[in-house]
2 protein chains.
Amino acid sequence: MRQETIENYLKTIYHLSSHNTLIVSNQKIAGKLHLNPATVTEGVKKLHELKYVVYEKSYGTRLTAAGIKLTLDIIRRHRIWETYLAKELGFGWDEVHAIAEELEHVNNVKLINKLAAILGNPIYDPHGDPIPDEKGNIQKSNFIKLSEAKLGLNYIVMGVTDHSTTFLKYLEKHHLIIGARLNIIAIEDFDNSILLVCKKKEVSISSKASACIIVQTI
Amino acid sequence: MRQETIENYLKTIYHLSSHNTLIVSNQKIAGKLHLNPATVTEGVKKLHELKYVVYEKSYGTRLTAAGIKLTLDIIRRHRIWETYLAKELGFGWDEVHAIAEELEHVNNVKLINKLAAILGNPIYDPHGDPIPDEKGNIQKSNFIKLSEAKLGLNYIVMGVTDHSTTFLKYLEKHHLIIGARLNIIAIEDFDNSILLVCKKKEVSISSKASACIIVQTI
DNA sequence: TTATTAATTTAGGCATCCCAAAAAGAAAAT
DNA sequence: ATTTTCTTTTTGGGATGCCTAAATTAATAA
Ligand SMILES: [Mn+2]
Ligand SMILES: [Mn+2]
Ligand SMILES: [Mn+2]
Ligand SMILES: [Mn+2]
(Lines give C-alpha, C1' and ligand atoms only; values in the text may rest on other atoms or scores of the structure.)
(Ligands and ions follow the chains in the order given, each with its own letter.)
Protein backbone atom coordinates (compact mmCIF):
# COMPACT_ATOMS: atom_id res chain seq x y z
CA MET A 1 0.00 0.00 0.00
CA ARG A 2 1.39 3.39 -0.95
CA GLN A 3 2.29 5.54 2.03
CA GLU A 4 0.14 8.41 0.80
CA THR A 5 -2.87 6.07 0.48
CA ILE A 6 -2.33 4.78 4.02
CA GLU A 7 -2.04 8.28 5.41
CA ASN A 8 -5.20 9.57 3.74
CA TYR A 9 -7.19 6.59 5.02
CA LEU A 10 -5.94 6.92 8.59
CA LYS A 11 -6.58 10.64 8.75
CA THR A 12 -10.12 10.10 7.46
CA ILE A 13 -10.84 7.32 9.94
CA TYR A 14 -9.47 9.44 12.79
CA HIS A 15 -11.65 12.41 11.96
CA LEU A 16 -14.77 10.33 11.33
CA SER A 17 -14.39 8.53 14.64
CA SER A 18 -14.34 11.90 16.40
CA HIS A 19 -10.96 11.45 18.01
CA ASN A 20 -11.19 7.70 17.98
CA THR A 21 -14.17 7.12 20.20
CA LEU A 22 -16.41 5.61 17.51
CA ILE A 23 -16.33 2.75 15.03
CA VAL A 24 -16.34 4.01 11.45
CA SER A 25 -18.36 2.55 8.56
CA ASN A 26 -17.01 1.89 5.10
CA GLN A 27 -19.58 4.17 3.58
CA LYS A 28 -18.47 7.12 5.66
CA ILE A 29 -14.85 6.57 4.66
CA ALA A 30 -15.84 6.17 1.02
CA GLY A 31 -17.76 9.44 1.17
CA LYS A 32 -14.86 11.45 2.59
CA LEU A 33 -12.24 9.99 0.26
CA HIS A 34 -14.53 10.06 -2.80
CA LEU A 35 -14.07 6.33 -3.30
CA ASN A 36 -16.43 3.50 -4.08
CA PRO A 37 -17.47 1.56 -0.90
CA ALA A 38 -16.12 -1.60 -2.53
CA THR A 39 -12.72 0.06 -2.71
CA VAL A 40 -12.87 0.90 0.98
CA THR A 41 -13.63 -2.72 1.90
CA GLU A 42 -10.32 -3.63 0.26
CA GLY A 43 -8.55 -0.68 1.81
CA VAL A 44 -9.51 -1.37 5.42
CA LYS A 45 -8.58 -5.04 5.00
CA LYS A 46 -5.07 -4.01 4.01
CA LEU A 47 -4.84 -1.49 6.85
CA HIS A 48 -5.88 -4.30 9.20
CA GLU A 49 -3.05 -6.48 7.88
CA LEU A 50 -0.67 -3.59 8.43
CA LYS A 51 -1.97 -3.38 12.05
CA TYR A 52 -3.00 0.24 11.73
CA VAL A 53 -6.68 -0.58 12.31
CA VAL A 54 -8.92 -3.30 13.65
CA TYR A 55 -11.49 -4.07 10.98
CA GLU A 56 -14.47 -6.30 11.69
CA LYS A 57 -16.39 -7.48 8.67
CA SER A 58 -19.82 -5.90 8.21
CA TYR A 59 -19.30 -3.96 11.43
CA GLY A 60 -16.66 -1.29 11.13
CA THR A 61 -13.12 -0.04 11.63
CA ARG A 62 -11.20 1.61 14.47
CA LEU A 63 -7.58 2.69 14.76
CA THR A 64 -5.03 0.68 16.74
CA ALA A 65 -2.47 2.36 18.99
CA ALA A 66 0.01 2.23 16.09
CA GLY A 67 -2.61 3.73 13.81
CA ILE A 68 -3.33 6.59 16.20
CA LYS A 69 0.38 7.28 16.59
CA LEU A 70 0.93 7.58 12.83
CA THR A 71 -2.26 9.58 12.39
CA LEU A 72 -1.28 12.15 14.99
CA ASP A 73 2.04 12.51 13.22
CA ILE A 74 0.29 13.21 9.90
CA ILE A 75 -2.03 15.68 11.61
CA ARG A 76 0.97 17.37 13.17
CA ARG A 77 2.63 17.76 9.78
CA HIS A 78 -0.56 19.07 8.22
CA ARG A 79 -1.25 21.63 10.93
CA ILE A 80 2.34 22.80 11.28
CA TRP A 81 2.43 23.43 7.51
CA GLU A 82 -0.91 25.27 7.64
CA THR A 83 0.41 27.48 10.41
CA TYR A 84 3.72 28.08 8.64
CA LEU A 85 1.99 28.94 5.37
CA ALA A 86 -0.28 31.41 7.16
CA LYS A 87 2.14 32.98 9.62
CA GLU A 88 5.44 32.92 7.76
CA LEU A 89 4.46 32.87 4.10
CA GLY A 90 1.43 35.14 4.13
CA PHE A 91 -1.26 32.76 2.91
CA GLY A 92 -4.89 33.19 4.01
CA TRP A 93 -6.56 30.69 6.34
CA ASP A 94 -8.76 29.70 3.41
CA GLU A 95 -5.74 28.82 1.22
CA VAL A 96 -3.53 26.80 3.53
CA HIS A 97 -5.53 23.57 3.78
CA ALA A 98 -5.21 22.57 0.12
CA ILE A 99 -1.45 23.17 0.05
CA ALA A 100 -0.91 21.41 3.39
CA GLU A 101 -2.83 18.42 2.05
CA GLU A 102 0.14 17.78 -0.23
CA LEU A 103 2.97 18.98 1.97
CA GLU A 104 1.81 16.77 4.87
CA HIS A 105 3.01 13.67 3.03
CA VAL A 106 6.63 14.81 3.02
CA ASN A 107 7.79 12.99 6.11
CA ASN A 108 10.92 14.57 7.51
CA VAL A 109 10.96 14.97 11.28
CA LYS A 110 13.77 17.51 11.28
CA LEU A 111 11.94 19.67 8.76
CA ILE A 112 8.64 19.73 10.66
CA ASN A 113 10.35 20.35 14.00
CA LYS A 114 12.33 23.20 12.44
CA LEU A 115 9.15 24.82 11.13
CA ALA A 116 7.49 24.30 14.52
CA ALA A 117 10.45 25.87 16.30
CA ILE A 118 10.37 28.93 14.03
CA LEU A 119 6.67 29.30 14.87
CA GLY A 120 7.39 28.93 18.58
CA ASN A 121 5.91 25.44 18.80
CA PRO A 122 2.31 26.53 18.31
CA ILE A 123 -0.54 24.58 19.89
CA TYR A 124 -3.27 25.73 17.50
CA ASP A 125 -3.38 25.98 13.71
CA PRO A 126 -5.09 28.79 11.71
CA HIS A 127 -8.46 27.04 11.99
CA GLY A 128 -8.24 26.66 15.75
CA ASP A 129 -7.39 22.96 15.63
CA PRO A 130 -4.86 21.66 18.16
CA ILE A 131 -1.41 20.64 16.87
CA PRO A 132 -0.03 17.40 18.35
CA ASP A 133 3.51 17.65 19.70
CA GLU A 134 6.32 15.38 18.52
CA LYS A 135 5.25 12.64 20.92
CA GLY A 136 1.62 12.75 19.83
CA ASN A 137 0.21 14.66 22.79
CA ILE A 138 -2.75 16.70 21.66
CA GLN A 139 -4.80 19.35 23.42
CA LYS A 140 -8.31 18.20 24.29
CA SER A 141 -10.92 20.89 24.49
CA ASN A 142 -14.46 21.14 25.79
CA PHE A 143 -15.49 23.47 23.03
CA ILE A 144 -18.93 23.06 21.49
CA LYS A 145 -20.40 23.55 18.05
CA LEU A 146 -22.19 26.84 17.50
CA SER A 147 -25.22 24.71 16.60
CA GLU A 148 -25.31 23.59 20.26
CA ALA A 149 -24.97 27.09 21.69
CA LYS A 150 -27.65 28.48 24.04
CA LEU A 151 -29.85 31.50 23.55
CA GLY A 152 -28.63 34.72 25.11
CA LEU A 153 -25.15 33.55 25.97
CA ASN A 154 -21.88 35.05 24.74
CA TYR A 155 -19.32 32.97 22.90
CA ILE A 156 -15.91 33.27 21.34
CA VAL A 157 -15.08 31.52 18.06
CA MET A 158 -12.39 28.91 18.68
CA GLY A 159 -12.23 27.05 15.40
CA VAL A 160 -13.89 25.55 12.35
CA THR A 161 -14.43 21.99 11.21
CA ASP A 162 -14.71 22.77 7.50
CA HIS A 163 -11.55 24.03 5.80
CA SER A 164 -12.96 24.78 2.37
CA THR A 165 -12.22 28.13 0.78
CA THR A 166 -15.91 28.85 0.16
CA PHE A 167 -16.83 28.36 3.81
CA LEU A 168 -13.89 30.31 5.20
CA LYS A 169 -14.46 33.21 2.80
CA TYR A 170 -18.11 33.26 3.91
CA LEU A 171 -17.06 33.42 7.57
CA GLU A 172 -14.60 36.23 6.89
CA LYS A 173 -17.33 38.23 5.24
CA HIS A 174 -19.29 38.16 8.50
CA HIS A 175 -16.19 38.70 10.68
CA LEU A 176 -16.62 35.25 12.16
CA ILE A 177 -12.89 34.65 12.40
CA ILE A 178 -11.09 32.90 15.23
CA GLY A 179 -11.31 35.00 18.38
CA ALA A 180 -14.48 36.78 17.29
CA ARG A 181 -17.00 37.39 20.06
CA LEU A 182 -20.67 36.81 19.48
CA ASN A 183 -24.03 36.81 21.26
CA ILE A 184 -26.91 34.48 20.40
CA ILE A 185 -30.10 36.48 20.05
CA ALA A 186 -32.38 33.91 18.46
CA ILE A 187 -32.56 30.25 17.52
CA GLU A 188 -35.22 29.51 14.91
CA ASP A 189 -37.28 26.43 15.69
CA PHE A 190 -38.23 26.27 12.04
CA ASP A 191 -34.83 25.55 10.47
CA ASN A 192 -32.44 25.71 13.44
CA SER A 193 -30.76 28.76 11.99
CA ILE A 194 -29.06 31.00 14.55
CA LEU A 195 -29.34 34.74 14.72
CA LEU A 196 -26.34 36.33 16.38
CA VAL A 197 -24.58 39.61 16.84
CA CYS A 198 -20.93 39.85 15.87
CA LYS A 199 -18.99 43.12 15.54
CA LYS A 200 -22.27 44.95 16.29
CA LYS A 201 -23.92 43.45 13.24
CA GLU A 202 -26.72 40.91 13.17
CA VAL A 203 -26.02 37.77 11.17
CA SER A 204 -28.19 34.74 10.49
CA ILE A 205 -26.26 31.49 10.30
CA SER A 206 -27.76 28.35 8.80
CA SER A 207 -27.71 25.14 10.82
CA LYS A 208 -25.32 23.64 8.27
CA ALA A 209 -22.84 26.47 8.85
CA SER A 210 -23.27 26.61 12.63
CA ALA A 211 -22.42 22.91 12.86
CA CYS A 212 -18.99 23.76 11.40
CA ILE A 213 -18.14 26.56 13.82
CA ILE A 214 -16.51 25.73 17.15
CA VAL A 215 -17.12 28.10 20.08
CA GLN A 216 -16.53 28.46 23.81
CA THR A 217 -18.60 30.40 26.36
CA ILE A 218 -17.19 33.61 27.81
CA MET B 1 0.80 8.38 -16.04
CA ARG B 2 1.16 9.72 -12.51
CA GLN B 3 2.43 13.30 -12.42
CA GLU B 4 5.32 12.37 -10.14
CA THR B 5 6.41 9.65 -12.57
CA ILE B 6 6.28 12.08 -15.48
CA GLU B 7 8.29 14.67 -13.59
CA ASN B 8 11.03 12.28 -12.53
CA TYR B 9 11.43 11.00 -16.09
CA LEU B 10 11.59 14.48 -17.61
CA LYS B 11 14.12 15.75 -15.08
CA THR B 12 16.30 12.72 -15.73
CA ILE B 13 16.11 13.11 -19.51
CA TYR B 14 16.93 16.80 -19.21
CA HIS B 15 20.01 16.21 -17.10
CA LEU B 16 21.25 13.28 -19.18
CA SER B 17 20.94 15.26 -22.39
CA SER B 18 23.17 17.96 -20.90
CA HIS B 19 20.65 20.74 -21.23
CA ASN B 20 18.86 19.10 -24.10
CA THR B 21 21.60 18.98 -26.71
CA LEU B 22 21.83 15.18 -26.88
CA ILE B 23 19.54 12.22 -27.54
CA VAL B 24 19.21 10.04 -24.45
CA SER B 25 19.28 6.24 -24.40
CA ASN B 26 16.86 4.07 -22.46
CA GLN B 27 19.70 2.49 -20.56
CA LYS B 28 20.93 5.83 -19.26
CA ILE B 29 17.46 6.75 -18.05
CA ALA B 30 17.02 3.33 -16.47
CA GLY B 31 20.33 3.75 -14.64
CA LYS B 32 19.43 7.11 -13.14
CA LEU B 33 15.90 6.15 -12.13
CA HIS B 34 16.92 2.68 -10.90
CA LEU B 35 14.48 1.07 -13.30
CA ASN B 36 14.71 -1.87 -15.67
CA PRO B 37 15.44 -0.78 -19.29
CA ALA B 38 12.25 -2.58 -20.35
CA THR B 39 10.29 -0.33 -18.02
CA VAL B 40 11.86 2.73 -19.60
CA THR B 41 10.83 1.60 -23.08
CA GLU B 42 7.24 1.70 -21.84
CA GLY B 43 7.79 4.98 -20.04
CA VAL B 44 9.20 6.94 -22.98
CA LYS B 45 6.42 5.63 -25.22
CA LYS B 46 3.86 7.14 -22.87
CA LEU B 47 5.79 10.40 -22.59
CA HIS B 48 5.82 10.51 -26.39
CA GLU B 49 2.02 10.13 -26.44
CA LEU B 50 1.80 12.95 -23.91
CA LYS B 51 3.97 15.06 -26.28
CA TYR B 52 6.61 15.73 -23.67
CA VAL B 53 9.30 13.91 -25.67
CA VAL B 54 10.05 12.66 -29.14
CA TYR B 55 10.94 9.00 -28.88
CA GLU B 56 12.36 7.07 -31.81
CA LYS B 57 12.42 3.32 -31.45
CA SER B 58 15.85 1.78 -30.96
CA TYR B 59 17.39 5.23 -31.26
CA GLY B 60 16.58 7.48 -28.33
CA THR B 61 14.58 10.24 -26.70
CA ARG B 62 14.70 14.03 -26.58
CA LEU B 63 12.44 16.59 -24.92
CA THR B 64 9.90 18.63 -26.89
CA ALA B 65 9.35 22.34 -26.23
CA ALA B 66 6.48 21.41 -23.90
CA GLY B 67 8.72 18.90 -22.15
CA ILE B 68 11.48 21.46 -21.63
CA LYS B 69 8.98 23.97 -20.28
CA LEU B 70 7.63 21.56 -17.67
CA THR B 71 11.11 20.33 -16.81
CA LEU B 72 12.41 23.82 -16.13
CA ASP B 73 9.45 24.38 -13.86
CA ILE B 74 10.27 21.23 -11.87
CA ILE B 75 13.92 22.27 -11.68
CA ARG B 76 12.84 25.70 -10.48
CA ARG B 77 10.75 24.17 -7.70
CA HIS B 78 13.56 21.82 -6.72
CA ARG B 79 16.23 24.50 -6.56
CA ILE B 80 14.06 27.11 -4.86
CA TRP B 81 13.25 24.57 -2.14
CA GLU B 82 16.93 23.64 -1.79
CA THR B 83 17.83 27.28 -1.38
CA TYR B 84 15.00 27.93 1.07
CA LEU B 85 15.90 24.88 3.15
CA ALA B 86 19.53 26.01 3.31
CA LYS B 87 19.12 29.74 3.73
CA GLU B 88 15.91 30.07 5.74
CA LEU B 89 15.63 26.76 7.58
CA GLY B 90 19.28 26.08 8.40
CA PHE B 91 19.82 22.81 6.55
CA GLY B 92 23.26 21.88 5.21
CA TRP B 93 23.96 21.78 1.46
CA ASP B 94 24.37 18.03 1.82
CA GLU B 95 20.86 17.63 3.31
CA VAL B 96 18.69 19.74 1.05
CA HIS B 97 18.66 17.64 -2.11
CA ALA B 98 16.83 14.65 -0.62
CA ILE B 99 14.11 16.79 0.95
CA ALA B 100 13.69 18.92 -2.18
CA GLU B 101 13.30 15.72 -4.20
CA GLU B 102 9.92 15.31 -2.47
CA LEU B 103 8.91 18.93 -2.07
CA GLU B 104 9.50 19.64 -5.77
CA HIS B 105 6.38 17.67 -6.68
CA VAL B 106 4.08 20.02 -4.78
CA ASN B 107 3.08 22.23 -7.67
CA ASN B 108 1.80 25.56 -6.41
CA VAL B 109 3.05 28.57 -8.32
CA LYS B 110 2.14 31.05 -5.60
CA LEU B 111 4.03 29.04 -3.00
CA ILE B 112 7.23 28.77 -5.02
CA ASN B 113 7.15 32.43 -6.03
CA LYS B 114 6.61 33.41 -2.40
CA LEU B 115 9.64 31.38 -1.32
CA ALA B 116 11.66 32.86 -4.18
CA ALA B 117 10.62 36.38 -3.21
CA ILE B 118 11.65 35.83 0.43
CA LEU B 119 15.04 34.65 -0.85
CA GLY B 120 15.34 37.70 -3.12
CA ASN B 121 14.74 35.70 -6.32
CA PRO B 122 18.07 33.88 -6.22
CA ILE B 123 19.79 32.80 -9.44
CA TYR B 124 21.87 30.01 -7.93
CA ASP B 125 21.02 27.18 -5.55
CA PRO B 126 23.29 25.88 -2.73
CA HIS B 127 25.16 23.64 -5.19
CA GLY B 128 25.85 26.46 -7.62
CA ASP B 129 23.19 25.36 -10.10
CA PRO B 130 21.20 28.08 -11.86
CA ILE B 131 17.54 28.52 -10.88
CA PRO B 132 15.15 29.09 -13.81
CA ASP B 133 12.82 32.06 -13.41
CA GLU B 134 9.04 31.76 -13.61
CA LYS B 135 9.14 31.93 -17.40
CA GLY B 136 11.79 29.25 -17.72
CA ASN B 137 14.76 31.48 -18.41
CA ILE B 138 17.90 29.87 -17.06
CA GLN B 139 21.42 31.18 -16.69
CA LYS B 140 23.89 29.54 -19.05
CA SER B 141 27.46 29.40 -17.90
CA ASN B 142 30.79 28.61 -19.48
CA PHE B 143 32.05 26.89 -16.38
CA ILE B 144 34.14 23.74 -16.76
CA LYS B 145 34.58 20.55 -14.79
CA LEU B 146 37.59 20.46 -12.50
CA SER B 147 38.62 17.35 -14.46
CA GLU B 148 39.15 19.64 -17.48
CA ALA B 149 41.16 22.25 -15.57
CA LYS B 150 44.72 23.12 -16.68
CA LEU B 151 47.93 22.76 -14.75
CA GLY B 152 49.10 25.82 -12.87
CA LEU B 153 45.97 27.87 -13.27
CA ASN B 154 43.80 29.25 -10.45
CA TYR B 155 40.13 28.41 -10.21
CA ILE B 156 37.11 29.16 -8.08
CA VAL B 157 34.58 26.46 -7.24
CA MET B 158 31.22 27.35 -8.81
CA GLY B 159 29.16 24.23 -8.27
CA VAL B 160 28.84 20.47 -8.07
CA THR B 161 27.04 17.93 -10.23
CA ASP B 162 26.62 15.29 -7.54
CA HIS B 163 24.28 16.16 -4.68
CA SER B 164 24.80 13.11 -2.51
CA THR B 165 25.53 13.60 1.17
CA THR B 166 28.67 11.45 1.02
CA PHE B 167 30.19 13.52 -1.77
CA LEU B 168 29.28 16.87 -0.26
CA LYS B 169 30.58 15.88 3.18
CA TYR B 170 33.84 14.80 1.49
CA LEU B 171 34.14 18.18 -0.23
CA GLU B 172 33.47 20.06 3.01
CA LYS B 173 36.25 18.13 4.71
CA HIS B 174 38.69 19.53 2.16
CA HIS B 175 37.12 23.02 2.21
CA LEU B 176 36.07 22.60 -1.40
CA ILE B 177 32.83 24.52 -0.93
CA ILE B 178 31.29 26.94 -3.38
CA GLY B 179 33.47 30.02 -3.71
CA ALA B 180 36.64 28.21 -2.63
CA ARG B 181 39.78 29.20 -4.54
CA LEU B 182 42.25 26.59 -5.69
CA ASN B 183 45.42 26.15 -7.70
CA ILE B 184 46.25 23.09 -9.77
CA ILE B 185 49.74 21.89 -9.00
CA ALA B 186 49.74 18.48 -10.67
CA ILE B 187 47.68 16.28 -12.94
CA GLU B 188 48.65 12.61 -12.71
CA ASP B 189 48.87 10.93 -16.10
CA PHE B 190 48.51 7.60 -14.35
CA ASP B 191 44.96 7.95 -12.98
CA ASN B 192 44.01 11.51 -13.93
CA SER B 193 43.86 12.49 -10.28
CA ILE B 194 44.41 16.17 -9.60
CA LEU B 195 46.69 17.61 -6.97
CA LEU B 196 45.62 21.06 -5.87
CA VAL B 197 46.07 23.61 -3.15
CA CYS B 198 43.03 24.91 -1.35
CA LYS B 199 43.10 26.92 1.88
CA LYS B 200 46.89 26.46 1.88
CA LYS B 201 46.53 22.69 2.06
CA GLU B 202 47.41 20.17 -0.62
CA VAL B 203 44.61 17.83 -1.62
CA SER B 204 44.55 15.00 -4.14
CA ILE B 205 41.22 14.65 -5.94
CA SER B 206 40.34 11.50 -7.87
CA SER B 207 39.17 11.84 -11.46
CA LYS B 208 35.74 10.60 -10.41
CA ALA B 209 35.43 13.42 -7.88
CA SER B 210 36.94 16.12 -10.12
CA ALA B 211 34.36 15.32 -12.80
CA CYS B 212 31.67 16.36 -10.32
CA ILE B 213 33.16 19.72 -9.39
CA ILE B 214 32.40 22.79 -11.50
CA VAL B 215 34.98 25.58 -11.61
CA GLN B 216 35.79 28.86 -13.36
CA THR B 217 39.19 30.43 -13.97
CA ILE B 218 40.19 33.51 -12.00
C1' DT C 1 31.47 -10.06 -43.92
C1' DT C 2 30.44 -12.71 -40.23
C1' DA C 3 30.54 -13.47 -35.42
C1' DT C 4 30.15 -11.62 -31.00
C1' DT C 5 28.51 -8.43 -27.80
C1' DA C 6 25.44 -4.91 -26.22
C1' DA C 7 21.11 -2.42 -26.23
C1' DT C 8 16.38 -2.46 -26.93
C1' DT C 9 11.93 -4.28 -27.36
C1' DT C 10 8.35 -7.72 -26.70
C1' DA C 11 5.76 -10.90 -24.00
C1' DG C 12 3.93 -12.42 -19.93
C1' DG C 13 3.19 -11.53 -15.04
C1' DC C 14 2.58 -9.38 -10.53
C1' DA C 15 1.08 -5.59 -7.24
C1' DT C 16 -1.55 -1.56 -6.42
C1' DC C 17 -5.55 1.20 -6.78
C1' DC C 18 -9.62 1.96 -8.45
C1' DC C 19 -14.54 0.88 -10.48
C1' DA C 20 -19.48 -1.27 -11.57
C1' DA C 21 -22.64 -4.86 -10.90
C1' DA C 22 -24.28 -8.75 -8.44
C1' DA C 23 -24.77 -11.24 -4.17
C1' DA C 24 -25.10 -11.40 0.70
C1' DG C 25 -26.04 -9.56 5.08
C1' DA C 26 -28.01 -6.30 8.53
C1' DA C 27 -31.37 -3.01 9.91
C1' DA C 28 -35.80 -0.90 9.69
C1' DA C 29 -40.57 -0.86 8.62
C1' DT C 30 -44.84 -2.98 8.30
C1' DA D 1 -42.36 -12.44 11.27
C1' DT D 2 -41.89 -11.03 6.90
C1' DT D 3 -40.84 -7.68 3.65
C1' DT D 4 -38.40 -3.77 2.23
C1' DT D 5 -34.44 -0.95 2.29
C1' DC D 6 -29.86 0.03 3.08
C1' DT D 7 -25.07 -1.38 3.65
C1' DT D 8 -21.42 -4.26 2.83
C1' DT D 9 -18.95 -7.69 0.43
C1' DT D 10 -17.79 -10.43 -3.53
C1' DT D 11 -16.71 -10.86 -8.19
C1' DG D 12 -14.68 -9.52 -12.27
C1' DG D 13 -12.21 -6.18 -14.65
C1' DG D 14 -9.49 -1.75 -16.22
C1' DA D 15 -5.33 1.26 -15.74
C1' DT D 16 -0.75 2.09 -14.11
C1' DG D 17 3.90 0.94 -12.98
C1' DC D 18 7.11 -2.20 -12.35
C1' DC D 19 9.66 -6.79 -13.19
C1' DT D 20 12.15 -11.09 -15.65
C1' DA D 21 13.13 -13.72 -19.55
C1' DA D 22 13.16 -14.21 -24.37
C1' DA D 23 13.45 -12.24 -28.90
C1' DT D 24 14.99 -8.69 -31.81
C1' DT D 25 17.90 -5.17 -33.46
C1' DA D 26 22.08 -2.43 -33.50
C1' DA D 27 26.91 -1.87 -32.77
C1' DT D 28 31.54 -3.69 -32.50
C1' DA D 29 35.22 -6.91 -33.28
C1' DA D 30 37.35 -10.38 -35.74
MN1 LIG E 1 -6.59 21.47 7.22
MN1 LIG F 1 -3.43 14.22 2.23
MN1 LIG G 1 19.36 18.84 -6.04
MN1 LIG H 1 11.61 13.89 -7.60
Side-chain angles (χ1 to χ4, degrees), chain A residues 1-18 22-63 67 70-71 74 101-102 104-107, chain B residues 1-18 22-63 67 70-71 74 101-102 104-107:
Chain A
M1 225 176 170
R2 281 181 52 219
Q3 190 61 21
E4 200 173 318
T5 309
I6 292 173
E7 294 184 355
N8 286 334
Y9 264 96
L10 294 186
K11 222 173 41 149
T12 302
I13 293 166
Y14 180 86
H15 287 129
L16 286 174
S17 67
S18 43
L22 300 172
I23 265 69
V24 180
S25 76
N26 288 354
Q27 206 169 47
K28 284 263 170 61
I29 299 171
K32 283 276 178 193
L33 290 175
H34 305 290
L35 293 176
N36 189 293
T39 307
V40 173
T41 303
E42 293 171 352
V44 292
K45 275 183 190 169
K46 286 180 214 149
L47 290 172
H48 184 107
E49 276 169 30
L50 293 169
K51 313 254 170 122
Y52 287 128
V53 306
V54 174
Y55 158 67
E56 282 181 67
K57 201 170 144 175
S58 285
Y59 174 61
T61 302
R62 65 177 175 78
L63 295 172
L70 177 51
T71 306
I74 304 158
E101 202 61 40
E102 294 189 61
E104 71 184 2
H105 300 291
V106 175
N107 187 358
Chain B
M1 225 174 169
R2 282 183 53 220
Q3 190 61 20
E4 199 173 319
T5 309
I6 293 173
E7 293 184 356
N8 286 333
Y9 264 96
L10 293 186
K11 222 172 42 147
T12 302
I13 293 166
Y14 180 87
H15 287 129
L16 285 174
S17 67
S18 41
L22 300 173
I23 265 71
V24 181
S25 74
N26 289 354
Q27 204 170 49
K28 286 264 170 61
I29 298 171
K32 283 276 178 192
L33 290 175
H34 305 289
L35 293 176
N36 190 290
T39 306
V40 173
T41 303
E42 294 169 351
V44 293
K45 275 183 189 168
K46 287 179 213 151
L47 290 172
H48 184 107
E49 277 170 30
L50 293 169
K51 314 253 172 127
Y52 287 127
V53 307
V54 174
Y55 157 67
E56 282 181 68
K57 200 168 146 176
S58 287
Y59 174 60
T61 301
R62 64 177 174 78
L63 294 173
L70 177 51
T71 307
I74 305 159
E101 202 60 41
E102 295 188 60
E104 70 185 2
H105 300 291
V106 176
N107 187 359

query: Less than 4.5 Å apart, any side-chain heavy atom of A:V40 and any of A:Q27?
result: no
- request: Indicate the atoms forming the closest heavy-atom contact of A:L47 with A:Y9, along with that distance.
  value: CD1-CB, 3.5 Å
- prompt: Quick one: side chain to side chain contact (heavy atoms under 4.5 Å, CB included) partners of A:T12, sequence neighbours excluded?
  reply: A:L16, A:I29, A:K32, A:L33
task: Return the value, rounded to whole Å, for the distance between atom CD of A:E56 and atom P of D:dT8.
output: 14 Å
task: Can you pull out how bent the helix from C:dT1-D:dA30 to C:dT30-D:dA1 is, comparing the axes over its first five and last five pairs, to 10°?
output: 0°
message: At 4.0 Å (heavy atoms only), tell me whether A:T41 reaches a base, stays on the sugar-phosphate, or touches nothing.
response: base
query: Any idea which of D:dG17, D:dT9, D:dC18 is nearest the B:E42 side chain?
result: D:dC18
message: I want to confirm an ordering. Mapping A:S58 and A:M1 to their closest nucleotides on DNA chain C, which one lands closer to the 5' end?
response: A:M1
query: What residue pairs, at least two apart or across chains, pass side chain to side chain donor-acceptor pair (under 3.5 Å) with a residue in residues 34-58 of chain A?
result: A:N26-A:T41
message: Does either side chain, that of B:H105 or that of B:E7, offer a donor lying less than 3.5 Å from an acceptor on the other one?
response: yes
message: Could you report the tightest heavy-atom contact between A:I23 and A:G60, atom names first, then the distance?
response: CG2-CA, 3.5 Å
- prompt: Base, sugar-phosphate alone, or nothing: which one does A:Y55 contact when heavy atoms must sit under 4.0 Å apart?
  reply: sugar-phosphate
- prompt: Nearest 0.5 Å, what's the CD-CD distance between A:E104 and A:E4?
  reply: 8.0 Å
Pairwise side-chain contact, A:L10 with A:V53, heavy-atom cut-off 4.5 Å (strictly under): yes
query: Roughly how far apart are B:T61 OG1 and B:I13 CD1, rounded to 0.5 Å?
result: 5.5 Å
query: Given atom CD1 of A:I23 and atom C1' of D:dT7, what is their separation to the nearest angstrom?
result: 17 Å
I'd like a list of close polar pairs between nucleotides 2-4 of chain D and the protein, N/O only, cut-off under 3.5 Å.
none

field: DNA chain C: 5'-most and 3'-most nucleotides touching chain B, 4.0 angstrom heavy-atom criterion
entry: C:dA7 to C:dT10
message: Rounded at 0.5 Å granularity, tell me how far CD in A:Q3 sits from CG in A:L70.
response: 6.0 Å
- prompt: Do any side-chain nitrogens or oxygens of A:K45 fall under 4.0 Å of OP1 or OP2 in D:dT8?
  reply: no
field: Nucleic acid contacts - residues 26-39 of chain A versus DNA chain C, non-hydrogen atoms under 4.0 Å
entry: A:H34, A:L35, A:N36, A:A38, A:T39
query: Under a 4.5 Å cut-off applied to non-hydrogen side-chain atoms, are B:V24 and B:H15 in contact?
result: no
